[in-house]
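Below: one structure, written as structure tokens.
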Amino acid sequence: MRETASSDALLSWYDRHARQLPWRVSPQDRASGIKPDPYRIWLSEVMLQQTTVAAVKDYFLKFTALWPTVRDLAEADDAEVMAAWAGLGYYARARNLLKCARVVTDEHGGVFPNDRDSLQALPGIGPYTSAAISAIAFDLPETVLDGNVERVMSRIHAVEAPLPTSKPELMTLAQALTPQKRAGDYAQAVMDLGATICTPKSPACGICPWLDACEGREKGIASELPRKLPKKAKPTRRGIAYVLRNSDGAWLLETRPDKGLLGGMLGWPGSDWAEDPIPAPPVSADWQPAGMEVRHTFTHFHLVLNVMVAEADLEPELGEFIPHQSFRPSDLPTVMRKVFDAAKHRFE
DNA sequence: GAGACGTGGAC
DNA sequence: TGTCCAAGTCT
């Protein structure tokens, strides 16, 4: 006879096995009355959207060191924030992060609202993040439904319908398990379970606190769940990137338009990215191939970039020369950093 | 509601 | 090398 999954069983496991994370208040500290800082919870949740804990840690520490409060972040320069986010991906998050910090500072007196609807009205905060902040920062009994919770719910209830069709059903199941007390600990507990025990491949069912309640395990299909609709194949696009240095050693870069791919980020001038790109050098110069092409895969296409290099002092129509001293490759999104790595040996 | 939107690590 | 995936949101 299968047992019933209980939030108490999971909370008991969490009390012993909670991960220590830079933004987290441990269950023991919570019990002694320590409350999380909503700013840090919000920042961590935005960074964690579609991003691994390992990748987020250093960025979180850097951001909180540079901007300790939401007001500090609201007053920051856009370019500095985008540069600090470089490498973390999904750059709309950084643009919305700044918008959100400024709305919270200007319209909410620098205090994050503590209800879901107000939170979800803020830029970059959707259904998941509003629930996560409500639960983790304010201990409100909201139900978080992220990829972890979807996987855990689909397994313990053996939901065989594929995502995203099954999402409403998984939400109903998740809500039924959400306790009224210790909502913040519970939300983090179920996500920790998904991240450390109930993993996508080879789940560690033997040490799962919900082992005896898991219908997927009983049926022997836990590791196959959740089922997902097949993905579409990625097309390959091509492009040309132009790396130009002037006689002062400055590099020609441009800030990309806010909308679209790598929006708001620094990058090398280039052609369009298409099946058959049209060359578009930023200035007339003696362009030479760098000798290496750059390969990079985005979420929905593969990119092969031809890298061209030149030295010239002509004033370009687009972009600006960034002085040698203030140019940091780490300020670039990864694909643009790869372009620099492919080009730089030609300037040595 | 389906597609756009990044990256690095695991296998 | 290729595929999958990770605390989603926006349009």
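Order of the sequence lines sets the chain letters (A, B, ...), proteins ahead of strands, with each chain counted from 1.
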Between A:Asn96 and A:Thr199, which is nearer to the 5' end of DNA chain C once each is assigned its nearest nucleotide?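 Between the two, 5'-proximity favours A:Thr199.
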Start at the 5' end of DNA chain C and walk down; is the nucleotide closest to A:Asp146 or to A:Ile125 reached first?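 In this pair, the answer is A:Asp146.
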Once you round it to whole Å, what is the distance between [atom2] of [N] and [atom1] of [X]?
X: A:Gln120; N: C:dC10; atom1: CD; atom2: P; answer: 8 Å
X: A:Arg237; N: B:dA4; atom1: CZ; atom2: P; answer: 7 Å
X: A:Leu48; N: B:dT7; atom1: CG; atom2: P; answer: 18 Å
X: A:Arg337; N: B:dG6; atom1: CZ; atom2: C1'; answer: 12 Å
X: A:Lys228; N: C:dC5; atom1: NZ; atom2: C1'; answer: 7 Å
X: A:Tyr59; N: B:dG8; atom1: OH; atom2: C1'; answer: 10 Å
X: A:Lys167; N: B:dG1; atom1: NZ; atom2: P; answer: 12 Å
X: A:Trp273; N: B:dG6; atom1: CH2; atom2: C1'; answer: 11 Å

NA contact type, [X], heavy-atom cut-off 4.0 Å: base, sugar-phosphate, or nothing?
X: A:Ser44; value: nothing
X: A:Arg95; value: nothing
X: A:Pro164; value: nothing
X: A:Gly260; value: sugar-phosphate
X: A:Leu88; value: base
X: A:Gly263; value: nothing
X: A:Leu21; value: base
X: A:Trp23; value: base

With rounding to whole Å, what would you report as the distance between C:dT11 and B:dG6 at their P atoms?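 Here C:dT11 and B:dG6 have their P atoms 14 Å from each other.
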Short side-chain N/O contact from [X] to OP1 or OP2 of [N], under 4.0 Å:
X: A:Thr51; N: B:dG6; result: no
X: A:Arg295; N: B:dT7; result: no
X: A:Gln50; N: C:dG8; result: yes
X: A:Lys231; N: C:dC5; result: yes
X: A:Thr334; N: B:dT7; result: yes
X: A:Thr299; N: B:dG3; result: no
X: A:His296; N: B:dG6; result: no
X: A:His300; N: B:dG3; result: no

Is the number of heavy atoms from other residues, nucleotides or ligands within 6.0 Å of CZ (A:Arg19) greater than 12?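 Count over threshold, so yes.
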Side chains of A:Arg346 and A:Gln288: is there a donor and an acceptor less than 3.5 Å apart?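 Distance-only check fails for A:Arg346 and A:Gln288.
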Show your reasoning for whether salt bridge (charged side-chain N to carboxylate O under 4.0 Å, His left out) applies to A:Asp185 and A:Arg182. CA-CA 5 Å; A:Asp185 282 341; A:Arg182 297 191 66 187; 2.9 Å; yes
Does any N or O donor sit under 3.5 Å from an N or O acceptor when you compare the side chain of A:Tyr90 with the base of B:dG6?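 By the distance-only test, yes, there is a pair.
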Do any N or O atoms from the side chain of A:His108 and from the backbone of A:Thr105 form a donor-acceptor pair under 3.5 angstrom?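 Not confirmed, A:His108 side chain does not pair with A:Thr105 backbone.
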Checking the side chain of A:Arg217 only, and the main-chain atoms of A:Cys205 only, is there a donor and an acceptor separated by less than 3.5 Å?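 No, because the side chain of A:Arg217 does not come within donor-acceptor range (under 3.5 Å) of the backbone of A:Cys205.
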Between A:Lys201 and A:Thr52, which has a closest nucleotide on DNA chain B that is more 5'?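 In this pair, the answer is A:Thr52.
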Do you know the tightest heavy-atom contact between A:Ser284 and A:Leu314?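 Heavy atoms of A:Ser284 and A:Leu314 come nearest at O-CD1, 3.1 Å.
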Does NZ or CZ of A:Arg237 fall inside the cone over A:Phe301's six-membered ring, less than 6.0 Å from its centre and within 45° of the axis?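 The answer is yes, since A:Arg237 meets both limits relative to A:Phe301.
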